[in-house]
Amino acid sequence: MNILSIINLFGGVGLFLFGMSLMGSSLQKLAGGGLEKILETLTTSKKKGVGEIKGWGLGVVVTGIIQSSAATTLMLIGFVNAGIMKLSQAIPVVFGANVGSTFTAQILRLGDLGSGNLVLKLLKPSSFAPMLLAVGMFIIVITKKKKKKQKAADIAYIMIGLGLLFYGMTMMEEVFAPLKDSPSFQKMFTSFSNPIIGILTGLLLTAVIQSSSAAVGILQALSASGSVTFGIALPFILGQNIGKCTPIMLGAIGATKKAKRVSISYILFNIISTVGFALLIYGIAYTVGLPLLDKQMNRGNIANVHLLINLITSLILLPFCNKVSSLSSKITGDSDIVPGDEELKKLDDRLLNTPGIALAQCVNLINKMSEKILENYKISTSMINEYDEAAFADLEANEAFLDKCETALSAYVVRIDRKRLTPDNKLAVTEILHSIGDFERIGDYCMNIAYVAKNNYENNIVFSKDGLNEINTIINAVGYTLDTLITSFMKDDGNRAVRIEPLSHTINNLKEIIKSHHVLRLQKGDCGVKGGIALFDLTNSFERIASHAANIALHIIKRTSGDSDFDEMHGHVKSAGSEEYLALENYYRTMFIDPMLEDKDIVETKVENTKSENTKDKSAKSNDKKEKKQKDKSPKDKKRIKQ
């Protein structure tokens, strides 16, 4: 082999890889978003086992189309990472993808067709490659209409890609063909029959070129030399099965644990396949002997071996998808148990026959809900001072649980037969019905705080020292409010609940003072506009959390007082002028507001205007109702709240 042959060899490999890439990318464009939608929806069934079979078949077809099991698996990692698919849906598709990746080798076996007549000659890749290129270029040239141009171009590039693939294959064959009579080449190639060397060679070559189909294609081209036997081809194919995991491992970097488990499942499939077949075949070869290892291989034989290894492995492992999932769970430290699902299962329909017990289960669940809200508040506010990307997974898991709780509780509570409840329990049902939405909305605003912190981190928005101190003050005030609320809710403590309303008013005053201070700093040039937007968004979220907490507190007061005539819609208006209320408000003003005030004018304008604040609160409930009607604007879909 001279320098010209080496250049032709690399040129052939380059054309082969480029043709495969062009064909695969054009097929994906032609399919548009259809592939993603198919993968997302057609992987489940109500019948046991049918979903796995559908997913497996889907993996075979999709990978056969786009010619890359790695691309299919990377899409699955993205879907699982985004929460679009469950891991149980993805694993059968992964198994099918490994089978679909053998389709290219089946196309390349056409090179083994004989040359007895014109039809067979035209079917050989070396013959129809130029036809594919010519037709593809012709389509691009004659297509003029813009609407048809893109679709026609995709079809043309598929044909061109396939033509280049076959041209590359032909170039490699022409380089390898003279080597069949070379003793040195045959001696070197014989060393590949050593299972360990063969597996390592296949692994390294596939890892470098990032394509198992291309690696097998190169092996098929080598078969033109007449030196490829079953004993040489088998370990090479087994090795490339592991080598093709390289892009999957890279694609899983930065993904969630469940998404990483998709890549682990892909890797486990190929390791089990390689180890299993190696032990079986070489166990037989080294004990009773296996003459098949010395049999010469052609393109078709190599394609069949490649297909059978992946097909048999996938069919054996398909019934054990759950076992593979459990093994990947142990490796990554993730769990299949969805946080909170066990709690939701306690809302059993059979308990509706005993309304008192059913109500107790609702109370337990809403208590759990309140604990998650407090946890999310602490996580989200901590990220304002020190952002932590890893904490977002916990936040989102808790938020998903809160959303499920709201839906499940709302549907379950209304089914409890109130006629069979005591008067106290009837008040408890009313309290839960009115409080569920407020609790869930508090959770939404906690997420909004986290999104502001994330935006500040990504855009390098930093608060001034004074601004950050004031934010920490309102964080502490709202945290104290939530602690007080949740304790009073869990312990049925009405005396503690009466503190929430004056706390809410104090936090509203804090919000206005912080905004005024920011304007002063902005005029002095101490703060920026972007920081001000973030500050206003945060203070608005804190004020709304306190407002929803006040709504819940009024229902606690109504229930614990046993006064069915208590007007929780206007309870804050009646209590605002009482001595107890004024004393509490003064206490909380001293606790949270006075330490941050330096300008006495601000004290007069922002704190002593209690009368106007009480007037604003008359419409608080109606505003809350409007807010719930506009719930599509809440961060239920993880969008930031804009008010």
I need the minimum non-hydrogen distance between [X] and [Y], along with the two atoms involved.
X    : Y    : answer
V99  : T102 : O-OG1, 2.7 Å
S328 : I264 : CB-CG2, 3.7 Å
I91  : S325 : CD1-CB, 3.7 Å
I302 : I237 : O-CD1, 3.9 Å
L317 : F95  : O-CE1, 3.6 Å
T287 : G283 : OG1-O, 2.6 Å

For this session: Give a yes or no on this: more than 12 heavy atoms of other residues, nucleotides or ligands lie within 6.0 Å of atom CD of E386.
Result: no
Exercise. Above 12 or not: heavy atoms from other molecules or residues under 6.0 Å from CD1 of I196?
Worked result: no
Exercise. Taking the side chain as C-beta and beyond, is there a heavy-atom pair between V60 and F103 under 4.5 Å?
Worked result: no
Exercise. Does the side chain of K54 come within less than 4.5 Å of P92's, by heavy atoms?
Worked result: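 P92 does not reach K54 side chain to side chain.
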Problem set entry | From CA spacing to verdict: side-chain hydrogen bond (donor to acceptor under 3.5 Å, both in side chains), N301, K295 | CA-CA 10 Å; N301 300 142; K295 181 182 177 182; 5.3 Å; no
Can you tell me how far [atom2] of [Y] sits from [atom1] of [X], rounded to the nearest 0.5 angstrom?
X    : Y    : atom1 : atom2 : value
L293 : I284 : CG    : CD1   : 9.5 Å
T274 : L238 : OG1   : CG    : 5.0 Å
I373 : D444 : CD1   : CG    : 9.0 Å
K454 : N459 : NZ    : CG    : 11.5 Å
S314 : F269 : OG    : CZ    : 5.0 Å
N270 : N98  : CG    : CG    : 4.5 Å

Problem set entry | All side-chain hydrogen bond (donor to acceptor under 3.5 Å, both in side chains) counterparts of D394, not counting sequence neighbours |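 Residues passing side-chain hydrogen bond (donor to acceptor under 3.5 Å, both in side chains) with D394: none at all.
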For this session: Quick one: list whatever passes side-chain hydrogen bond (donor to acceptor under 3.5 Å, both in side chains) with Y387, sequence neighbours left out.
Result: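 Only E389 meet the side-chain hydrogen bond (donor to acceptor under 3.5 Å, both in side chains) criterion with Y387.
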For this session: State whether the side chain of N455 and the backbone N or O of Y451 hold a donor-acceptor pair below 3.5 Å, judged by distance alone.
Result: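 Checking the backbone N and O of Y451 against the side chain of N455, no donor-acceptor pair under 3.5 Å is found.
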Problem set entry | Sidechain-backbone polar pair: T313 side chain, N310 backbone, donor-acceptor under 3.5 Å |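 Between the backbone of N310 and the side chain of T313 there is no qualifying donor-acceptor contact (under 3.5 Å).
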